[in-house]
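Remember, it's 1-based here, ligands and their atoms both numbered in the order they're listed. FYI, side chains are in, hydrogens and waters are out, and symmetry mates aren't considered; it's all heavy atoms of this structure.
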Amino acid sequence: MFVSDGLGVNESGHLTVGGCDTVSLAKKYGTPYICYDEDMIRKNCREFVKSMEEDYDGNGLVCYASKAFSCLEMCRICKEEKMGLDVVSGGEIFTAVKAGFPSERICFHGNNKTDDELTMALDNNVGRIVVDNVEELKRLSTLASKTGKVAKIMLRIKPGIDAHTHSFIRTGQIDSKFGFALETGEAMAAVKLAVETDSIDLCGLHCHIGSQIFDIAPFELAAKVMIDFISEIKETVGYEIRELNLGGGFGIKYLESDTPKPFSEYMKRVSVVVKEEAEKKNVKLPFILIEPGRSVVGAEGVTVYTVGAVKHIPNIRTYVSVDGGMTDNPRYILYQSDYDVMCANKANEPKTEKVTVAGKCCESGDLIQENAPIQKVEAGDLLAVLSTGAYNYSMASNYNRIPRPIVVMAKDGDSRVIIRRETYEDITRNDV
Ligand code: LLP
């Protein structure tokens with residue numbers, strides 16, 4: 001019935017997350033709040049890790065893409081679940097290090113890393129730096145030589161695959177700000193340069209074709225293209241690439257009608273391609289990394305708001321305004337993302353209305369969903385938006401000086417705060 005198995009409805013007709021009554025959570029923590037289901041997050045981590053073990057003999061590492069939702073507690077969970085971590089900024093490195101995350105299991109991404117960020121990665125012995133461009137390669141080499149270190153790097157390759165997803169989150173095609181293109185010879189030139197550059201150890205290649213992808217075929221194709229390139233490097237440069245990072249991008253359920261494939265199916269099919277292609281091309285089986293973000297946390301987070309104004313505009317639509325909006329969920333305004341919405345306090349009632357859920361920002365486009373089926377909704381109801389665990393809190397802002405919501409973790413009917421609600425003091429903290 002729901003987008004995640006962690007959700008349910010209790011005898012009071014209230015939506016539950018991780019066994020916690022969302023109405024009671026609203027009383028305890030106020031609204032808006034985001035609640036995650038810890039067991040479900042851990043279950044997702046375990047499924048990824050298990051698939052890597054069963055389908056690729058454990059010869060790999062599953063790195064949680066922390067951009068989906070980064071905080072100390074998520075880093076601690078990933079550490080306990082024997083995952084790696086994909087980070088993309090100094091702030092994400094800082095969070096991981098502060099949480100005590102083992103730095104050798106961190107992969108550092110980004111198309112424009114600063115010297116400070118690269119230095120931070122070197123100082124903290126980050127396991128792999130995914131180099132995006134030649135200029136970065138040269139700067140990294142200089143920085144590493146200064147400290148007498150050798151930077152273990154991967155090169156980010158655009159495999160030339162156009163995955164069917166929103167254009168803002170598509171990254172594998174030639175027209176992308178990320179990485180080196182294969183078609184133009186740019187990628188091969190970068191490999192040669194990396195092999196010759198001091199203080200650089202080129203361990204592997206990386207690709208990421210996009211996000212919220214349901215089809216497995218583009219992932220299979222990317223794996224084939226990358227192994228072919230590894231073989232071409234062996235033949236033309238005489239250099240053996242040891243690792244292959246295939247990125248993330250696995251789609252999740254936003255609506256009940258969405259049908260993502262189980263992750264194990266992805267891993268099985270991609271492993272077959274990697275093994276067959278490596279054998280055919282006579283290259284050593286690479287150590288594989290994958291970087292799921294959304295699929296670890298997306299469906300396991302729920303945002304709960306209090307309904308304020310309800311405005312019926314005859315023959316036009318009904319606006320239901322909530323006490324959050326694009327500040328905690330900018331995904332509708334950015335990508336017109338679909339979401340299931342419901343009255344958390346009337347979860348057993350049928351959805352008889354269609355409404356537009358609006359935020360409280362001074363901006364007409366500040367909507368969370370249009371034409372959304374929902375129960376009969378009135379001021380004072382609690383409105384839950386499901387599948388808000390990925391790229392919601394992490395992309396939240398303080399527009400209109402609205403504080404970011406509190407984030408809680410639910411497990412077996414108990415809850416705990418993992419990120420405190422921002423206060424007005426927090427918001428003026430850096431004002432001078
Ligand atoms: N690896 C790399 C190099 C990435 O750039 C990304 C996502 C991932 C892994 C994780 O992808 P995932 O498994 O989460 O799809 N803000 C957008 C999504 C941007 C994705 C950015 N990169 C959204 O809200 O849909």
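- In this structure, a donor-acceptor pair under 3.5 Å is absent between the side chains of R331 and N392.
- Heavy atoms of other residues, nucleotides or ligands lying less than 6.0 angstrom from OH of Y399 number more than 12.
- Counting the atoms of ligand 1 from 1 in the order shown, those under 4.0 Å from a heavy atom of H206 are 3 (C).
- Salt bridge status for E370 with R317: present, with a side-chain N to carboxylate O gap under 4.0 Å.
- Contacts between F178 and ligand 1, counted as non-hydrogen atom pairs separated by less than 4.0 Å, are absent for every part of the residue.
- No heavy atom of A68 sits closer than 4.0 Å to any atom of ligand 1.
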Audit row: D381, N345, side chain to side chain donor-acceptor pair (under 3.5 Å) steps and yes/no: CA-CA 7 Å; D381 280 336; N345 53 317; 2.9 Å; yes
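- Close contacts between ligand 1 and H109 involve ligand atoms 3 (C) [criterion: under 4.0 Å to a heavy atom].
- Checking only distances, G293 does come within under 3.5 Å of ligand 1, N or O to N or O.
- Counting heavy atoms closer than 4.0 Å to ligand 1, residue D86 contributes side-chain atoms (C-beta onward) but none from N, CA, C or O.
- Checking F250, F48, F214 one by one against Y266, the ring pair (Phe, Tyr, Trp, His ring centres under 6.0 Å) holds for a single residue, F250.
- Close approach of ligand 1 to G249 is summarised as follows: ligand atoms under 4.0 Å from at least one heavy atom of the residue are 11 (O), 12 (P), 13 (O), 15 (O).
- Those atoms of ligand 1 that come under 4.0 Å of a heavy atom in E291, given as number and element, are 1 (N), 2 (C), 3 (C), 8 (C), 9 (C), 10 (C), 13 (O).
- Considering both main-chain and side-chain atoms, R331 comes within under 3.5 Å of ligand 1 through a nitrogen or oxygen pair.
- Counting only non-hydrogen atoms, the option in R156, H208, M395 that gets closest to atom 11 (O) of ligand 1 is H208.
- Looking at T423 and D426, their side chains do bring a donor and an acceptor atom within 3.5 Å of each other.
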Could you list the donor-acceptor pairs under 3.5 angstrom formed between side-chain atoms of residues 33-43 and any protein atom two or more places apart in sequence or on another chain?
| from | atom 1 | to | atom 2 | distance (Å) |
| --- | --- | --- | --- | --- |
| Y33 | OH | T22 | O | 2.6 |
| Y36 | OH | G389 | O | 2.6 |
| D37 | OD1 | D39 | N | 3.1 |
| D37 | OD1 | M40 | N | 3.1 |
| D37 | OD2 | G18 | N | 3.3 |
| E38 | OE1 | R416 | NH1 | 2.8 |
| E38 | OE1 | R416 | NH2 | 3.0 |
| E38 | OE2 | R42 | NE | 2.9 |
| E38 | OE2 | R42 | NH2 | 3.0 |
| D39 | OD1 | K411 | NZ | 2.7 |
| R42 | NH1 | E80 | OE1 | 3.0 |
| R42 | NH1 | E81 | OE2 | 2.9 |
| R42 | NH2 | E80 | OE1 | 2.7 |

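- Under a 4.0 Å criterion applied to the non-hydrogen atoms of A65, ligand 1 contributes the atoms 8 (C), 9 (C), 10 (C).
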CA sep, side-chain torsions, deciding dist, call: H208, H109, ring-ring contact (aromatic ring centres under 6.0 Å, His included): CA-CA 11 Å; H208 170 76; H109 287 277; 8.1 Å; no
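- If you number the atoms of ligand 1 from 1 as listed, the ones under 4.0 Å from a heavy atom of P292 come out as 13 (O).
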